[in-house]
Amino acid sequence: MKKPACLAMILAACLSIAVPAGAASPEREILVGVNYFAGWWEPEPNKWHTRDGRDWREDYPQRVPLLGQYNDQATMDGEIVAAADHGVDFFAILWYGAESRESPHPHGALLNRGVEHFMASPHAGRLKFMIEYCNHPPFGIKSEARWNECVQTWIAAMKHPSYLRVGGRCVFKVHGGHYFLLENDRDMARSKARLDALRQAARDAGVGELVIGVGVGDAEPIPAGHWAERLFDFTASYMGIPQIPQREEDYPFADLRAYIAEGRLKHAADAVPYLPFAAAGWNPRPWGDPRPRFTLPTREEWTDSLVEMKAHLSQHRFGLPLPDGSVQPAFTIYAWNEFGEGGMVAPTQGEQYMKLEAIRETFGADNP
């Protein structure tokens with residue numbers, strides 16, 4: 001198996017065709033994004049095995065992905081093509097921070113291969129990508145030196161011609177807002193200084209202006225004066241789960257959909273735009289997660305969820321902010337490949353291409 005090209009080599013190949021700072025990505029009426037987790041590697045310990053070493057694919061074969069079971073270059077190539085063919089506009093790729101270059105977990109350095117594989121793909125021009133800095137413990141960044149080092153990595157990726165731009169500005173997201181405050185000792189001035197340094201680095205590198213978002217609670221309204229409104233351009237949520245007890249029988253997917261829709265509408269009057277999400281499922285049985293579990297959606301239930309999202313985007317100020325104060329309607333889906341948790345848009349043995357086909361039927365496939 002060939003090793004993935006290093007980030008520097010990938011960037012050297014693409015910088016000559018980088019998007020100019022003032023150029024905007026072609027934008028559709030609604031931008032469809034899907035969260036991407038590059039945590040599926042072959043060496044053990046890995047996500048396909050439980051803590052006692054059992055391969056849970058034997059018990060849940062319907063969750064095995066069709067385009068590749070590990071995050072390698074061939075898998076990413078196939079995933080880009082499949083997503084682009086079915087109306088997905090961008091991957092929001094989780095990029096894990098750490099206080100040093102050494103990951104706190106075995107094989108953790110492989111978590112950030114998603115960005116590298118996307119940029120190296122011969123199909124990268126068919127889709128966009130953005131970075132979501134994943135900062136939940138133990139992946140937060142405390143030191144200024146490490147923060148600045150990561151900033152340079154992110155800015156380098158933004159020079160790739162397929163990096164997501166909305167209104168001419170590169171889109172970047174901090175995964176957890178409260179974790180970001182903790183990283184900065186709850187100091188608003190220090191938090192702002194870090195974001196200002198990121199923005200200035202983008203300008204200095206010729207990337208241009210940024211639009212920076214942050215993760216907040218799925219049902220947490222953001223009024224004027226809220227810390228998120230003071231620091232960030234938009235807010236978003238990766239996923240939301242009702243606080244109800246786990247039971248042996250799965251709750252119906254309709255309950256999960258209703259909970260998420262109710263929380264989404266609590267953001268309708270936020271002081272900054274909210275990038276909403278739809279859930280492709282939540283059922284973490286393979287991992288023994290203590291939280292509640294829901295049936296995976298049928299084709300009809302999944303389509304209804306997407307149609308509901310489309311209606312909410314037309315009725316409310318949901319999406320990504322544009323320089324003129326308006327909003328580009330957009331949303332994300334949890335998730336492309338959270339196979340262990342049940343958030344799956346990627347084709348699998350059980351669902352085949354059902355989730356992608358519903359996306360194409362609802363939003364079309366004329367992505368830029």
Side-chain angles (χ1 to χ4, degrees), residues 4-7 10-11 14 19 25 31-41 47 65 67-68 70-84 88-98 103 107-121 123-136 139 141 150-166 170-176 198 207 210-215 234 236-239 275 277 280 320 330-341 343-346 367:
C6 71
L7 181 59
I10 295 167
L11 291 168
C14 76
V19 178
S25 298
L31 294 180
V32 180
V34 187
N35 301 118
Y36 191 101
F37 169 64
W40 304 97
W41 51 74
K47 296 294 186 179
L67 301 177
Y70 305 104
N71 292 123
D72 54 27
Q73 190 63 58
T75 297
M76 176 63 82
D77 293 345
E79 290 173 329
I80 290 174
V81 171
V88 175
D89 293 289
F90 66 93
F91 282 157
I93 303 177
L94 294 177
W95 192 98
Y96 286 76
S103 174
H107 314 301
L110 301 176
L111 282 167
N112 294 334
R113 291 181 304 172
V115 171
E116 295 181 6
H117 286 151
F118 192 106
M119 294 193 297
S121 176
H123 307 294
R126 299 197 58 198
L127 204 66
K128 301 296 181 184
F129 78 99
M130 60 167 282
I131 289 175
E132 178 161 339
Y133 158 49
C134 198
N135 62 335
H136 63 68
F139 295 104
I141 300 171
C150 291
V151 163
Q152 294 307 311
T153 299
W154 301 332
I155 296 300
M158 292 176 187
K159 293 181 179 180
H160 191 281
S162 287
Y163 197 90
L164 178 67
R165 287 175 177 264
V166 173
C170 286
V171 183
F172 180 87
K173 181 191 168 190
V174 175
H175 183 76
L198 173 58
V207 169
L210 305 183
V211 55
I212 304 178
V214 68
F234 70 95
S237 306
Y238 187 73
M239 177 55 177
L275 179 67
F277 73 96
L320 294 166
F331 73 104
T332 58
I333 297 171
Y334 167 87
W336 181 261
N337 54 354
E338 292 279 14
F339 304 114
E341 295 176 343
M344 305 171 292
V345 169
N367 57 338

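- Evaluation of the side-chain hydrogen bond (donor to acceptor under 3.5 Å, both in side chains) rule for Asn135 yields Glu183 as partners, not counting sequence neighbours.
- Remark: the backbone N or O of Met119 is paired with a side-chain donor or acceptor of His160 at under 3.5 angstrom.
- Among residues two or more places apart in sequence or in another chain, the ring-ring contact (aromatic ring centres under 6.0 Å, His included) test is passed with Phe118 by Phe129.
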Margin query: Test ring pair (Phe, Tyr, Trp, His ring centres under 6.0 Å) on Phe277 and Tyr238; report intermediate values, then the result.
Written below: CA-CA 7 Å; Phe277 73 96; Tyr238 187 73; 8.5 Å; no
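- Annotation: side-chain hydrogen bond (donor to acceptor under 3.5 Å, both in side chains) contacts of Ser103 (sequence neighbours excluded): none.
- For Phe90, the ring-ring contact (aromatic ring centres under 6.0 Å, His included) test picks out no residue, with sequence neighbours left out.
- Annotation: side chain to side chain contact (heavy atoms under 4.5 Å, CB included) contacts of Ala280 (sequence neighbours excluded): Trp302, Ile333, Val345, Lys355.
- Applying the side-chain hydrogen bond (donor to acceptor under 3.5 Å, both in side chains) test to Asn35 and every residue at least two apart in sequence or in another chain returns nothing.
- Judged by distance alone, with hydrogens and angles left aside, the side-chain atoms of Arg126 form no donor-acceptor pair with the main-chain N or O of His123 at under 3.5 Å.
- In this structure, the side chain to side chain contact (heavy atoms under 4.5 Å, CB included) partners of Asn112, at least two apart in sequence or on a different chain, are Trp95, Tyr96.
- With Thr75 contributing its side chain and Tyr70 its backbone, the two residues share a donor-acceptor pair below 3.5 Å.
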Next item on the list: Begin from the C-alpha positions of Met76 and Asn71 and carry the test side chain to side chain contact (heavy atoms under 4.5 Å, CB included) through to its verdict.
Entry: CA-CA 7 Å; Met76 176 63 82; Asn71 292 123; over 6 Å; no
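- Phe234 pairs by the ring-ring contact (aromatic ring centres under 6.0 Å, His included) definition with nothing, not counting sequence neighbours.
- By the 4.5 Å heavy-atom criterion applied to side chains, His175 and Phe139 are not counted as neighbours.
- Checking side-chain atoms of Asp89 against main-chain N and O of Val32 turns up a donor-acceptor pair under 3.5 Å.
- In terms of the salt bridge (Lys or Arg N to Asp or Glu O under 4.0 Å) criterion, residue partners of Glu132 (sequence neighbours excluded) are, by chain and number, Lys173.
- Proximity of a side-chain donor or acceptor of Asn337 to a complementary backbone N or O of Phe37 within less than 3.5 Å is detected.
- Taking both residues in full, the closest heavy atoms of Ala98 and Ile141 are given as O-CG1, 3.8 Å, listed atom of the first, atom of the second, then distance.
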